[in-house]
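Okay, structure first, notes after.
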Amino acid sequence: MNCLQAPVSKILTWSCVDGPGNRMVLFLQGCNFDCAMCHNPHTIGQCNDCGDCIPVCPTSALSMMGGKIHFDPEFCTNCDDCLNACPINANPMAQTHGVEDILALLHENRTFLSGITVSGGEATMHLAFIRALFTAIGDDEKLCHLTRFIDSNGHLGTAGWRSVMDVTDGVMVDIKAFDAKLHMRLTRRANARSIASARLLHEAGKLYELRYLMIPGHTDSDTEIDALIAFAKSLDSPVRIRLNGFRTHGVRDEAALWPALERETLVATAARLEQANLGPVSIPAL
Ligand code: SF4
Ligand code: SF4
């Protein structure tokens, strides 16, 4: 795979929850976190072509060709049995797409779109692809009005962000927890880079939204919300904040037993942030 290609788990040709306006969303395969609360755990791993998923496919949509897993979408019934069979949370249905493929899709849909968001997995694991894609969009006279956004866990370092800053219009950064030990427990990674990324992007005028997922008994404590408030206040200008509530849909293992967050808690926390003069604060629609 060269820098003009990336493994794509899914493409939405329109979405109104992945940044401003109506957006095409690319979900790239592979993540550098391993979050207990991940709603799409099959986007975490990178397929190693082991073949373990082939026998579970009821429609023979999967096969081995030249030592590589081959997926035939024509036979797929979207049963997801292969996702459950994969030992490394990869997705045999992920397809490699080139910059030219995505440009063609954007041309087909551009009349209805405000922009594109590259999400994941963790989008920034495919930084060279993002740079090539965003540059090509900016250089195309029929697409250059589209805004180019990244949805990220913020684990990318400073040099990485600087390499795409000039071709990126906005970034949504998800901070999974402010307490270092809690973040490590939930994601198996440290949070220092995520916090630094949010600050760096905000100072550069590129942080579109700071996102925080409230998980009952884990990230909904007063201490965590106070830390969120303190971080937002430490920024040199207001930041848009998005609060999300934990849901069990799609999550694995012990997290599937965690309770969902009650909407009242989400509403009350949003009000608390606004009383602290933060905002705008948004929560999902019912
Ligand atoms: S989701 Fe598709 S490829 Fe995967 S097991 Fe089901 S039919 Fe086969
Ligand atoms: S998706 Fe998983 S099980 Fe299937 S070939 Fe790739 S690594 Fe093996």
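Order of listing sets the numbers, starting from 1, for every ligand and every atom in it. All residue numbers in this chain count up from 1 along the given sequence. Bear in mind that the values here come from a model prediction, so they are computed numbers and not experimental data.
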### Task
Flag the pair His42 / Phe27 as yes when their ring centroid distance falls below 6.0 Å, and as no otherwise.
no
### Close aromatic pair by centroid cut-off 6.0 Å: Trp14 and Phe112
no
Can you pull out the closest protein heavy atom to [atom]? Residue, atom name and distance to 0.1 Å, please.
atom	value
atom 6 (Fe) of ligand 1	Cys79 SG, 2.3 Å
atom 7 (S) of ligand 2	Asn48 OD1, 3.1 Å
atom 8 (Fe) of ligand 1	Cys57 SG, 2.4 Å
atom 2 (Fe) of ligand 1	Cys76 SG, 2.4 Å

### Message
Test of understanding: given a 4.0 Å heavy-atom threshold, classify the contact between Thr59 and ligand 1 as side chain, backbone, both, or neither.
### Response
side chain
Got [X] and [Y] here, is their nearest side-chain heavy-atom distance under 4.5 Å?
X	Y	value
His155	Glu122	no
Met172	Thr117	yes
Phe71	Asn91	no

### Query
Looking at Pro87, which atoms of ligand 2 are within less than 4.0 Å of one of its heavy atoms?
3 (S)
## Note on the structure
Near Ile88 (heavy-atom distance under 4.0 Å), the atoms of ligand 2 are 7 (S)
### Task
In sequence, state the C-alpha distance, the side-chain angles, and the governing distance for Arg131 and Asp166, and then conclude on salt bridge (charged side-chain N to carboxylate O under 4.0 Å, His left out).
CA-CA 9 Å; Arg131 178 159 184 87; Asp166 62 326; 2.9 Å; yes
### Query
Hey, is Asp80 one of the residues with a heavy atom under 4.0 angstrom from ligand 1?
yes
### Message
What verdict does the ring pair (Phe, Tyr, Trp, His ring centres under 6.0 Å) test give for Phe129 and His97, after you've listed the backbone C-alpha separation in whole Å, the side-chain angles of each residue and the deciding distance to 0.1 Å?
### Response
CA-CA 10 Å; Phe129 170 79; His97 284 287; 9.1 Å; no
### Query
Stepwise, does the side chain to side chain contact (heavy atoms under 4.5 Å, CB included) test hold for His39 with Val251?
CA-CA 5 Å; His39 289 276; Val251 301; 4.0 Å; yes
### Query
Hey, are Ser234 and Arg199 close enough side-chain-wise for a donor-acceptor pair under 3.5 Å?
yes
### Distance below 2.8 Å from atom 4 (Fe) of ligand 2: protein N/O/S atoms
Cys53 SG
